[in-house]
Peer 1: 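After the structure tokens below, expect a handful of questions from me.
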Amino acid sequence: MRAEMVSGGRGLPCVAAIWCSVYGAAHVWWLANPGAPWAPPEEVFSPGRWVAVTLAFTAAAVCSVIATGIGHHRAAPVRWTLVVLAWVAGAGLIAYSYMLAISLATMLFGQADHWGSLLTRAAGMTAGALTLACAVAEQRRVRRACPHCARVHGRSPERRTDPAPRWACLAAYAAIAGCAARVSVLVIEFITEGKPLPFALGFSFGVFIVLLILAGTLLPLALVHRFGRIWPRWVAPLAGRDVPRWLVLGPALFVGASMAGYFGVAGMTAWFLGKGNLAQAPVWKVSLEMFGYTVWGLGLLAAAVSYHALTRPDCPSPGPAVPSPKVTVPRAPRTSS
């Protein structure tokens, strides 16, 4: 039962295919009937609603093929092609739903949002996450990962105490640098222009800024350092216990995907096309903001990949037996009588 759950089974790709099909069908309906009730407006700076339709039905088709191929032998190139297509479609759906974080932020500040847009963005984000989960499950099968823990024994980290790889540490500190670049804009504006700091704009906005700074400092460090996987000694009641992986991994994935999508895709597009209020802003300011947020988001996503591998549950199987070295006993020389 556990092995089937880890490997993905047919249930996950079937659910993903159905969800993506319904999501794509809704966008087809809104394309054909733009004035229909509850039809959300098209996302700002996106090529159009047809992108969501293409990505959704591509994801649905790939997940369906993955579901039908489980338990059957297929050539490795075919399966790797499915993995790549699932990754592209899933990441595309998440990038298309980049405005979900903004919708949630407006709700935090008590501002009304278009409920159709909020639900559509949440559905698109879910469709992308389900598709990526199918991609990961199929990738594990192609790599012949352990059916009990999804590791490739001998190449994957085996325990939480293993150090994070160097590339993950580099990504985490790049995220911190991106956060510092963005915050530096606020500090420069405060010093040179006398603009108030965000904490002076109200309690809710101040809490939002505090959480945002923690997401650019404490969160990246937790992804690559031991205290993010095992509670440190100064957390007296929990010291030595495992940190719930989704307590760290969930915010990292959500914040990273939202920043990479909103600023890396929509923000950069608006900047290059000279749309919005970015055209009137100084180049140095827009550069620090756009590249800072983008590097911040991508760094969190890359470090989260390492954290996901390091915090897998311990393998219940003892693993493949290691053959003992063969000992050759020298034979006594034959003597002639």
Peer 1: Please report the C-alpha distance between Trp231 and Arg226 in whole Å, then the side-chain angles of each, then the deciding distance to 0.1 Å, and finally whether the side-chain contact (heavy atoms from CB on, under 4.5 Å) criterion is met.
Peer 2: CA-CA 8 Å; Trp231 292 109; Arg226 180 188 172 96; over 6 Å; no
Peer 1: Do side-chain atoms of Thr294 reach the backbone of Phe291 as a donor and acceptor pair under 3.5 angstrom?
Peer 2: no
Peer 1: Give the cluster check for Tyr173 versus Leu218: same hydrophobic cluster or not, with ILVMFWY residues linked at side-chain heavy-atom distances below 4.5 Å.
Peer 2: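 Tyr173 and Leu218: one cluster.
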Peer 1: Tell me whether Met259 is reachable from Leu249 by hopping between hydrophobic residues (I, L, V, M, F, W, Y) whose side-chain heavy atoms are closer than 4.5 Å.
Peer 2: yes
Peer 1: Please determine whether residues Val65 and Val62 belong to a single hydrophobic cluster, defined as Ile, Leu, Val, Met, Phe, Trp and Tyr linked transitively by side-chain heavy-atom distances below 4.5 Å.
Peer 2: yes
Peer 1: Do Val243 and Phe227 make a side-chain contact, defined as non-hydrogen atoms from C-beta onward lying under 4.5 Å apart?
Peer 2: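 No, side chains not in contact.
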Peer 1: If you round to the nearest 0.5 Å, how far is OG1 of Thr311 from CG of Leu223?
Peer 2: 9.5 Å
Peer 1: To the nearest 0.5 Å, how far apart are CG in Leu55 and CG in Leu93?
Peer 2: 5.0 Å
Peer 1: List the steps, then state whether side-chain contact (heavy atoms from CB on, under 4.5 Å) holds for Leu288 with Ser184.
Peer 2: CA-CA 8 Å; Leu288 286 176; Ser184 66; 4.0 Å; yes
Peer 1: For Ala303 and Ala171, work out which heavy atoms get closest and say how close.
Peer 2: N-CB, 4.1 Å
Peer 1: Any side-chain heavy-atom pair from Val142 and Trp80 closer than 4.5 angstrom?
Peer 2: yes
Peer 1: Going by distance alone, is a donor N or O of one side chain under 3.5 Å from an acceptor N or O of the other, for Arg245 and Tyr307?
Peer 2: no
Peer 1: Before accepting this row, confirm whether a basic side-chain N of the pair Asp242/Arg229 lies closer than 4.0 Å to the acidic partner's carboxylate O.
Peer 2: no
Peer 1: Got Val183 and Cys179 here, is their nearest side-chain heavy-atom distance under 4.5 Å?
Peer 2: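 The answer is yes; the side chains approach within 4.5 Å.
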Peer 1: Closest approach of Ser64 and Ala17, non-hydrogen atoms and distance?
Peer 2: OG-CB, 3.4 Å
Peer 1: Within the 4.5 Å heavy-atom criterion, are Trp30 and Thr120 side-chain neighbours or not?
Peer 2: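 Yes, their side chains come closer than 4.5 Å.
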Peer 1: Could you pull out the closest heavy-atom pair between Ala174 and Val295, with the gap in Å?
Peer 2: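 Distance-wise, the nearest heavy atoms are O-CG1, 3.4 Å.
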Peer 1: Does a side-chain heavy-atom distance below 4.5 Å link Leu214 with Leu219?
Peer 2: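 Sidechains of Leu219 and Leu214: no contact.
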Peer 1: Could you check whether any side-chain heavy atom of Val187 comes within less than 4.5 Å of a side-chain heavy atom of Ile191, counting everything from C-beta outward?
Peer 2: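 Result yes, sub-4.5 Å side-chain heavy-atom pair found.
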Peer 1: Got a second to check how far Thr126's OG1 is from Arg121's CZ, nearest 0.5 Å?
Peer 2: 14.0 Å
Peer 1: Would you give the length of the straight line joining atom CE of Met125 to atom OH of Tyr23, rounded to the nearest 0.5 angstrom?
Peer 2: 9.5 Å
Peer 1: Is Trp19 reaching over with its side chain to a backbone N or O of Ala123, donor-acceptor style, under 3.5 angstrom?
Peer 2: yes
Peer 1: So, Trp87 and Gln139: side-chain donor and acceptor under 3.5 Å apart, yes or no?
Peer 2: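 Yes, because at least one side-chain N or O of Trp87 sits under 3.5 Å from a partner of the opposite role on Gln139.
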Peer 1: Which atom pair, heavy atoms only, marks the closest approach of Ala86 to Leu132?
Peer 2: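 Between these two residues, the closest heavy atoms are O-CD2, 4.1 Å.
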Peer 1: Do Phe254 and Leu100 have side chains that get closer than 4.5 Å, going by heavy atoms?
Peer 2: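 Yes, at least one pair of side-chain atoms sits under 4.5 Å.
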Peer 1: Can you tell me how far SG of Cys63 sits from CG of Leu12, rounded to the nearest 0.5 angstrom?
Peer 2: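 Answer rounded to 0.5 Å: 7.5 Å.
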Peer 1: Flag yes if more than 12 heavy atoms outside Tyr262 fall under 6.0 Å of its OH atom; otherwise flag no.
Peer 2: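 Counting neighbours around OH of Tyr262, 12 or fewer heavy atoms of other residues, nucleotides or ligands fall under 6.0 Å, so no.
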Peer 1: Side-chain heavy atoms under 4.5 angstrom apart, residues restricted to Ile, Leu, Val, Met, Phe, Trp, Tyr: same cluster for Val255 and Phe263?
Peer 2: yes
Peer 1: Tell me whether Trp271 is reachable from Trp296 by hopping between hydrophobic residues (I, L, V, M, F, W, Y) whose side-chain heavy atoms are closer than 4.5 Å.
Peer 2: yes
Peer 1: With a 4.5 Å heavy-atom cut-off, do Val224 and Leu310 have their side chains touching?
Peer 2: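 No; the side chains remain at least 4.5 Å from each other.
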Peer 1: Identify the two heavy atoms, one from Cys20 and one from Thr131, that lie closest to each other, and give their separation to 0.1 Å.
Peer 2: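 In terms of heavy atoms, the two residues are closest at SG-OG1, 3.5 Å.
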Peer 1: Counting only heavy atoms from other residues, nucleotides and ligands, does the tally under 6.0 Å from CZ of Arg160 exceed 12?
Peer 2: yes
Peer 1: Partners of Ser21 by side chain to side chain donor-acceptor pair (under 3.5 Å), sequence neighbours excluded?
Peer 2: none
Peer 1: Using 0.5 Å steps for rounding, measure from the CD1 atom of Ile230 to the CG atom of Leu238.
Peer 2: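 The distance works out to 13.0 Å.
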Peer 1: Write down the atom of Pro13, the atom of Ile66, and the distance for their closest heavy-atom approach.
Peer 2: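 In this case the closest contact between Pro13 and Ile66 is CB-CG2, 4.4 Å.
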Peer 1: CH2 of Trp284: more than 12 outside heavy atoms within 6.0 angstrom?
Peer 2: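 Counting other residues, nucleotides and ligands, CH2 of Trp284 exceeds 12 neighbours.
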